[in-house]
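Here's the structure, in structure tokens; my notes come after.
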Amino acid sequence: MASDTPVRVRFAPSPTGRLHIGGLRTALYNYLFARKHDGDFVLRIEDTDQARYEPGAEEDIREALAWTGLEHDEGPEQGGDYAPYRQSERSGHYHEYAQKLVEAGRAYYAFDTEEELDDLRETHGAYDGSTRRQMRNSLTLSDEEVERLIDESDDYVIRLKVPRQESVQVEDEIRGTVSFDTSEIDDQVLMKSDGMPTYHLANIVDDHLMDISHVIRGEEWLSSTPKHVLMYDALGWEPPAFAHLPLILSPNGGKLSKRDANELGIPVYVTDYREAGYEPDALLNFLALLGWSPGTEEELFGLDDMIDAFSLDRVGASGVQFDLDKLRWVNEHSVRDLSVDALAERARPHVDAVGDEVGDERLRTICGLVQDRIQVVPEVVTDNRYFFEDPEEYEEEGVQKRWTDESADLLLAYADRLEAVDSFDTETVETELRDLADEKDVGAGAIIHPSRLAVSGRSYGPGVFGLLAAVGKEACLRRMRRAVETLG
RNA sequence: GCCGCGUUCGUCUAGGGGUCUAGGACGCCGGCCUCUCACGCCGGUAGCACGGGUUCGAAUCCCGUACGCGGUACCA
């Protein structure tokens, strides 16, 4: 990397769908690289495919990035020195340079119909240096004919004239030099018949015009990079540095799919992670570790720490499998770092969503009790149902282990004592229990465990005294007596 | 099929000719702590894809094979 040119990178998603988790990682690496080098991080919308355009997708992308905190310096909505940042608004540039390529003899008009192209693919293979002579294009037709065809119809494209049998070198920051033989490269369409550029043209024109210094993108682009290099060369432009990131794979192999989301619980879209209650900083931390290593034994990072530690040469080259357990582990640490108040605030929407009615004060109490027992915020309510409703059954294993012949009597006696008590706080509840244990000459555990079982239906969970206090006097008495009835 | 990229514990990775009887993390298993669970701490399990070279010496370099992934559109 030339250290004298300012670093400018871009994240260039296409609004054909919601932002994918892989896209977020690409954005993250771009962001880290930009911040690390005091450069600019640009958001560019690559909306050149009218057929696949999805309304709302750009909004989702913006929302997802905002949620994660990856702020860009320039983009469609806030503008910047290189505006506009939506390719559909930059048509003039693409036409201009497509024209230049034609004039320089590095591109040509092609008039072939879809049927002719299908036919070509079947009989000869690709539209390239070996077959273009047989096709209907400005290389084979007379100038007059070409002019007439262009005038008469809009149904033509501009194709890149790929030189025959040359070797093209791509310098990749992650993989080193990768070479391709131009005989393997077809005459890529640059301008589509609808007047829109293809990704390939738009991408290099914009990267050049926007002074992009480093193109950091997914590995799926590596194969088309030689085409881009050929175009930079034809236009007399210096290509940016390239870095192709390894792809994120499903634990089942292949790309992450909606099926992984359903079967493995791995969300595919960024906003789904928000919905699932993951902490954005944890997601970013996890994503950073997926394909990159700081070289130290540190694993838990804040964004700023990641920026400090980041470098492209520590990004791996092989595909990486998504590991939900690891994400949950990282998230668990983020949850634990939250203040109880913050956790309660985050839990609120999830509480409301399942229709539990609980005041802020009590929600904070509950959060305090479960904070280091959950990995993801919604577990405050999805696990730990006993805070909100009486247990419907008692964990069988727990009953076998903790419910003894004396449990019923002890629990009843405890319930009676609690009924007589005025304030039902953690200390009172504990004092009463210990006093009763002394009185009956049993270990505290003889009452503690049946109590937990009766009140929560489980043999595990928060400390009993906090648990009882949080559940409340009325419910505790009801549940204890009910447990004695059903467990005997 | 062809082209490209990749291959270290189940997973993410460190390591880039001797310091590697391969280090860390997640997961899993065991222990300690403890009213239970969880946290925390301690310990354990498990790996250089295979075959040839090069070298005094290879996880590290080269070649081949296998496997995986990507590309092969008027999609990005």
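If you check every strand for non-hydrogen atoms under 4.0 Å, A/Pro462 touches a base. Counting non-hydrogen atoms under 4.0 angstrom, A/Phe465 reaches a base of the nucleic acid. Within 4.0 Å (heavy atoms only), A/Asp383 reaches no atom of the nucleic acid at all. Within the 4.0 angstrom heavy-atom criterion, base atoms lie near A/Ser223. Contact annotation for A/Gly445: no contact, since no heavy-atom pair falls under 4.0 Å across all strands. Residue-level contact check: A/Arg314 touches the backbone only, with heavy atoms under 4.0 Å from sugar-phosphate atoms and none from bases. Note on A/Gly443: nothing from the nucleic acid sits closer than 4.0 angstrom, heavy atoms only. If you check every strand for non-hydrogen atoms under 4.0 Å, A/His20 touches nothing. In this structure, A/Thr16 reaches neither bases nor backbone, as no heavy-atom distance under 4.0 Å exists between it and the strands shown. Here A/Val464 lies in heavy-atom contact (under 4.0 Å) with a base. Within 4.0 Å (heavy atoms only), A/Gly398 reaches no atom of the nucleic acid at all. If you check every strand for non-hydrogen atoms under 4.0 Å, A/Arg336 touches sugar and phosphate atoms only. Nucleic acid contact for A/Ala444: none, since no nucleic acid atom lies under 4.0 Å from a heavy atom of the residue. As judged by a 4.0 angstrom heavy-atom cut-off over every strand, A/Val157 is placed among the base-contacting residues.
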Would you please test A/Phe322 and A/Phe286 for ring-ring contact (aromatic ring centres under 6.0 Å, His included) and show each step?
CA-CA 10 Å; A/Phe322 193 99; A/Phe286 165 72; 5.0 Å; yes
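Pair assignment for B/rG10: B/rC26, on the basis of Watson-Crick or G-U wobble contacts that are both within less than 3.5 Å. If you check B/rA59 for Watson-Crick or wobble pairing at under 3.5 angstrom, you find it has no partner at all. Applying the Watson-Crick and G-U wobble criteria (two distances, each under 3.5 Å), B/rG64 pairs with B/rC50. Using Watson-Crick or G-U wobble geometry with both donor-acceptor distances under 3.5 Å, B/rC69 finds its partner in B/rG4. Pair assignment for B/rC75: none, as no Watson-Crick or G-U wobble contacts are both less than 3.5 Å. The nucleotide B/rC37 finds no pairing partner, because no Watson-Crick or G-U wobble arrangement with both distances shorter than 3.5 Å includes it.
In this structure, A/Leu247 places its CG atom 16 Å from P of B/rG68, rounding to the nearest Å. Whole-Å rounding puts the A/Glu297 CD to B/rG23 P distance at 11 Å. Atom-to-atom, CD of A/Glu298 to P of B/rC26 comes out at 14 Å; the value is rounded to the nearest Å. Between A/Glu54 atom CD and B/rA76 atom P there is a gap of 15 Å when expressed in whole angstrom units. A/Ile248 places its CD1 atom 17 Å from the C1' atom of B/rC5, with the value rounded to the nearest Å. Counting to the nearest Å, the C1' atom of B/rG4 and the CZ atom of A/Phe242 are 15 Å from each other. One interatomic measurement links the two molecules: CG of A/Leu245 to C1' of B/rC69, which rounds to 15 Å at whole-angstrom precision. Rounded to an integer number of Å, the gap from A/Leu327 CG to B/rC26 P is 14 Å.
Annotation: cation-pi pair A/Arg159/A/Tyr109 absent, no NZ/CZ under 6.0 Å from the ring centroid and within 45° of its normal. Cation-pi check for A/Arg385 over A/Phe387 is not met; the charged atom does not lie both under 6.0 angstrom from the ring centroid and within 45 degrees of its normal.
For A/Arg336 and A/Asp372, the salt-bridge test fails: no basic side-chain N is under 4.0 Å from an acidic carboxylate O. Looking at A/Arg52 and A/Asp49, a side-chain N of the basic residue comes within less than 4.0 Å of a carboxylate O on the acidic one, giving a salt bridge. At a threshold of 4.0 Å, the pair A/Glu59-A/Arg18 does not count as salt-bridged, since none of the basic side-chain nitrogens sits closer than that to a carboxylate oxygen. Salt-bridge annotation for A/Arg62 and A/Glu58: present, with a side-chain N of the basic residue lying under 4.0 Å from a carboxylate O of the acidic one.
Rounded to a whole angstrom, the distance from the C1' atom of B/rU7 to that of B/rC48 is 10 Å. Taking the C1' atoms as reference points, B/rC61 lies 15 Å from B/rG15, given to the whole Å. For the C1' atoms, the distance linking B/rG23 with B/rA46 amounts to 14 Å, nearest Å. Nucleotides B/rC62 and B/rC74, compared at atom P, are 37 Å apart to the nearest Å. Annotation: B/rG47 and B/rG53 have their P atoms spaced 26 Å apart (nearest Å).
Here the side chain of A/Glu299 is nearest to one of B/rA25, B/rA73, B/rC12, namely B/rA25. Picking from B/rA38, B/rC12, B/rG4 the nucleotide with the shortest atom distance to the side chain of A/Asp372 gives B/rA38. Which of B/rG71, B/rC75, B/rA73 sits closest to the side chain of A/Lys255 comes down to B/rG71. Listed nucleotides: B/rC3, B/rA25, B/rG6. Nearest to the side chain of A/Glu184: B/rC3. Nearest to the side-chain atoms of A/Ser318 among the listed nucleotides B/rC5, B/rC74, B/rG6 stands B/rG6. Which of B/rG24, B/rU11, B/rG27 sits closest to the side chain of A/Trp329 comes down to B/rG27.
A close approach under 4.0 Å does occur between a side-chain nitrogen or oxygen of A/Thr48 and OP1 or OP2 of B/rA76. Taking 4.0 angstrom as the limit, A/Lys227 places none of its side-chain polar atoms (N or O) nearer than this to OP1 or OP2 of B/rC3. Using a 4.0 Å cut-off, no side-chain N or O of A/Arg175 falls inside it from OP1 or OP2 of B/rG4. Of the side-chain N and O atoms in A/Arg159, one or more sit less than 4.0 angstrom from OP1 or OP2 of B/rC74. Taking side-chain N and O atoms only, A/Lys192 has a distance below 4.0 Å to OP1 or OP2 of B/rC75.
No donor-acceptor distance shorter than 3.5 angstrom exists from the side chain of A/Asp181 to the backbone of A/Glu184, with no hydrogens or angles considered. Side-chain N or O atoms of A/Asp187 include one that pairs as donor or acceptor with a backbone N or O of A/Val162 at under 3.5 Å. Judged purely by atom type and a 3.5 angstrom limit, A/Glu379 uses its side chain to pair as donor or acceptor with the backbone of A/Gln375.
Counting only N and O atoms by type, the side chains of A/Asp425 and A/Thr428 include a donor and acceptor under 3.5 Å apart. For the residue pair A/Asp60 / A/Tyr269, no side-chain donor-acceptor distance below 3.5 Å is found, with atom types taken as modelled.
With hydrogens and angles left out, the side chain of A/Arg52 and the base of B/rC75 share a donor-acceptor pair within 3.5 Å.
RNA chain B lies under 4.0 Å from at least one heavy atom of each of the following residues of residues 446-460 of chain A: A/Ile448, A/His449, A/Arg452, A/Ser459, A/Tyr460.
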